[in-house]
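Chain letters run A, B, ... following the sequence lines, proteins first and then strands; every chain starts at 1.
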Number of protein chains: 4
Amino acid sequence: MRANDGARSFTEQGRRAQIVRAAIDVIVERGYPSTSFGRIAERAGLSSTGMISYHFRGKDDLMDQVVTDIYAEAAELVGGRIDAEQTARGQLLAFVEASVAYYRTHHRHVRALTEITLGRRGDDRSGPRDRELADLAELLRTGQRTGEFRDFDPDVMAVTVRHALDGVALHLGADTDRDFETWSRELVTTVDRATREDPT
Amino acid sequence: MRANDGARSFTEQGRRAQIVRAAIDVIVERGYPSTSFGRIAERAGLSSTGMISYHFRGKDDLMDQVVTDIYAEAAELVGGRIDAEQTARGQLLAFVEASVAYYRTHHRHVRALTEITLGRRGDDRSGPRDRELADLAELLRTGQRTGEFRDFDPDVMAVTVRHALDGVALHLGADTDRDFETWSRELVTTVDRATREDPT
Amino acid sequence: MRANDGARSFTEQGRRAQIVRAAIDVIVERGYPSTSFGRIAERAGLSSTGMISYHFRGKDDLMDQVVTDIYAEAAELVGGRIDAEQTARGQLLAFVEASVAYYRTHHRHVRALTEITLGRRGDDRSGPRDRELADLAELLRTGQRTGEFRDFDPDVMAVTVRHALDGVALHLGADTDRDFETWSRELVTTVDRATREDPT
Amino acid sequence: MRANDGARSFTEQGRRAQIVRAAIDVIVERGYPSTSFGRIAERAGLSSTGMISYHFRGKDDLMDQVVTDIYAEAAELVGGRIDAEQTARGQLLAFVEASVAYYRTHHRHVRALTEITLGRRGDDRSGPRDRELADLAELLRTGQRTGEFRDFDPDVMAVTVRHALDGVALHLGADTDRDFETWSRELVTTVDRATREDPT
DNA sequence: CATGAATGAGCATTCATTCAT
DNA sequence: CATGAATGAATGCTCATTCAT
């Protein structure tokens, strides 16, 4: 019984949040493939995995929740920065800069998100990722129409930029000395150079 | 007994190669997480998994072998193209172009490599990958010394280029309409723009 | 506390009836082995299984109630038909005919009953069933005494007739083309031939 | 690995047979719904359920094996008796008589078979049972064509006879005092009366 | 060299039941 | 009276690994 439909009580919200937090911890520390209900329950201080199944319809449901939560948080922070810009170029660079900034303050969340996204390729669960790629490609197309961007393939460029950003998330965990300032400046410059129309 | 140390007989070499081939098949067809000794043995026409454990110290050992073999093959093909170039810029663009070309002709191998790399993050097993990144950063540094490349952080750029290339491997499977020609041209242009010194 | 002893309030009667109805629905639609408190609660529009445990001592207790209710209903309908007959032979054939007729009008109930009976064999819970068999055997014995029935073993015959009737319940679900008329006529004839004293 | 395809070694045949025997024990003693791999392993003296999964593709596979084994054994004993008869009536009565005789000598096997058959209704696994019913109906049709049997619906009669025989298996476990001689004689007479053409 | 049976921990999931509120 | 969160054992099943032969 229970497991995920309809309104949720205050207590349950808490439990669910606690489980999601524990899941993120485990994903970050052991990697997505090694993330099991057993490990999450242990980390959450739960006595059995049944508890997790009680609150989530299954592993996919839990992971969807993790992804949804993190995307929502990121969208709030990054989306605000993008909307503040008027031009396509400004929005693209704001997207890159705000993404890296978000990695700085929430790098565990981003790490978890990347782990899940890459770990579930092909499971037909890559909805949010695909949507983000589509939005990015659309932004690039807009900039091309306005003459801000040069003539590249928007889909290829979207994938390229997105993967370049993944590099930050993946390498900043192991390489904490690397300065975020540097990553931010470098990526913004790189993406700008890769996309902008040459001045004549 | 046995399992992986010291000199190897002719027959054993053959068995190992056969197992590695089967492993690649399974990884490509079912994904890394679903790749088990059982499935590999089945695909290799072996009657039990004992055979695999006999020849490899464990799953990690087998996967290391797969990675090593593929990297060696790729290094031979891509490395040749790089060495044919004289300038750092020429070598960098040759690396990008040859990498995409290698994906085209050996996309199963690249696919397997990507699956393993993504599937094992956190296992501290990224030896060959790290070496490749270091080589790439070194090439970038050289180009900066000769004045061919602008002043960027070579390590950050190396990661960025490497991840951009990963995008090809990941997205070409699902997106077969996308032309290799396009990806190749777009990525070469993008990397060139991102790295080259502006003409004055 | 609570759970099944002593007098029951009006409200509680209603709740219990509601749960029993939901249980029958689930049994018919998913089969006895897949009938869980969770599924029954869901079907009954209850938010948790606790409600069911509160009203019934356990799964067995609930199932006993289902069985009891259905037997009571059947006894009323079938019993009336039997009592309308004067002779043992008339009563036996009325029992067979009325049973099949009851299957036709209440086949969901009969289906549930059969599922429970078959699903719980060995649980020593066959009270109503055993009572029915005893009543049937008694009727047969009566008919032998009056000379209407030939000389067979009444207990064996009771089991045989009872199981033949089970066949209707089991096969009519899958075989909806089969006409109830046919089953009724065939079974009445068969039972009559099997039991009656030969005319001399 | 392993699990059920291709040739089987001597040792494995033994293990499989041992597991099948244990499965029958558990089914007879606890009923089909309570028969789990855990219980079977325990009964077979196996240290884990993994052992069973190693030898059988799954629960269904194991149960299919049990059914197959028992049907094969029964077919040998009962089939021989049927083939010895020339007429349809002779064959039908031989089938009934030999079935009961088989119950006497192998009542645990029959009990297990009945448990499985009834316990898996609707799982699309009732192949052997359906085949038996079809064969029986065919025999009845033959007898009608030769004028040995009266004009009844052969499918309905097949189900009826089959269920009457199930009654023996189900009731002889609890009712061991009941004499097999009686059951045999009673059922043969009953079936004969139910089916035969009236002498004119 | 090679086999394949055996192991036992681990997996996600379902279940009836309990109990504080 | 009613709730619903929590429990923990049990389910079938997969896995990498071991080891006697």
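Counting to the nearest Å, the C1' atom of E/dA12 and the CD1 atom of A/Ile19 are 14 Å from each other. When the C1' atom of E/dA12 is taken as reference, atom CG of A/Asp64 falls 16 Å away, rounded to whole Å. Atom CG in D/Leu62 sits roughly 14 Å away from atom P in F/dT11 (whole-Å rounding). Remark: C1' of F/dG12 and CE of D/Met63 are 11 Å apart, rounded to the nearest angstrom. C/Ile40 places its CD1 atom 14 Å from the C1' atom of E/dT14, with the value rounded to the nearest Å. Nucleotide F/dC1 holds its P atom 14 Å from the CD atom of C/Gln18, rounded to whole Å. Atom-to-atom, CG of A/Asp61 to C1' of E/dT13 comes out at 13 Å; the value is rounded to the nearest Å. Rounded to an integer number of Å, the gap from B/Ile52 CD1 to E/dC1 P is 18 Å.
No option in A/Arg30, A/Arg39, A/Arg43 other than A/Arg43 meets the salt bridge (charged side-chain N to carboxylate O under 4.0 Å, His left out) test with A/Asp25.
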Protein and nucleotides 5-8 of chain F: nitrogen or oxygen contacts under 3.5 angstrom:
residue, atom, partner, partner atom, Å
F/dA5, OP1, A/Ser9, OG, 3.3
F/dA5, OP2, A/Tyr54, OH, 3.0
F/dA5, N7, A/Tyr54, OH, 2.9
F/dA6, OP1, A/Arg15, NE, 3.0
F/dA6, OP1, A/Arg15, NH2, 3.2
F/dA6, OP2, A/Arg15, NE, 3.1
F/dA6, OP2, A/His55, NE2, 3.0
F/dG8, OP2, A/Ser47, OG, 3.2
F/dG8, N7, A/Ser48, OG, 3.0

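When all heavy atoms of D/Ile52 and D/Ala41 are compared, the pair lying nearest together is CD1-N, 3.7 Å.
Not a single donor-acceptor pair under 3.5 Å links the side chain of B/Lys59 to the backbone N or O of B/Ser36. In this structure, A/Glu115 contributes its side chain and A/Gly31 its backbone to no donor-acceptor pair below 3.5 Å.
Closest to the side chain of B/Ser36, from the set F/dG12, F/dC15, E/dA16, is F/dC15. In the set E/dT14, F/dT17, E/dT17, F/dT17 carries the atom at the smallest distance from any side-chain atom of B/Lys59.
Residue C/Thr35 is classed as a sugar-phosphate contact, given heavy-atom separations below 4.0 Å to backbone atoms only. Residue contacts shown for D/Phe37 are limited to sugar-phosphate atoms, with no base heavy atom under 4.0 Å away.
The distance from atom NE2 of A/His109 to atom CZ of A/Arg21, rounded to the nearest 0.5 Å, is 9.0 Å. Here A/Asp60 contributes atom CG and A/Met63 contributes atom CE; the two are 8.5 Å apart, rounded to the nearest 0.5 Å. In this structure, CZ on D/Phe56 lies 9.0 Å from CD1 on D/Ile40, to the nearest 0.5 angstrom.
Listed by chain and residue number, A/Gln18 satisfy the side chain to side chain donor-acceptor pair (under 3.5 Å) test with A/Arg15 (two or more places apart in sequence, or in another chain).
The shortest distance between the side-chain N/O atoms of D/Arg39 and the OP1/OP2 oxygens of F/dA10 is not below 4.0 Å.
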Evaluate side-chain contact (heavy atoms from CB on, under 4.5 Å) for C/Phe37 paired with C/Met51, printing each intermediate quantity in order. CA-CA 10 Å; C/Phe37 274 23; C/Met51 182 84 278; over 6 Å; no

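Remark: DNA chain F takes part in the stems E:2-21 with F:2-21, each of 3 or more antiparallel Watson-Crick or G-U pairs, criterion distances under 3.5 Å.
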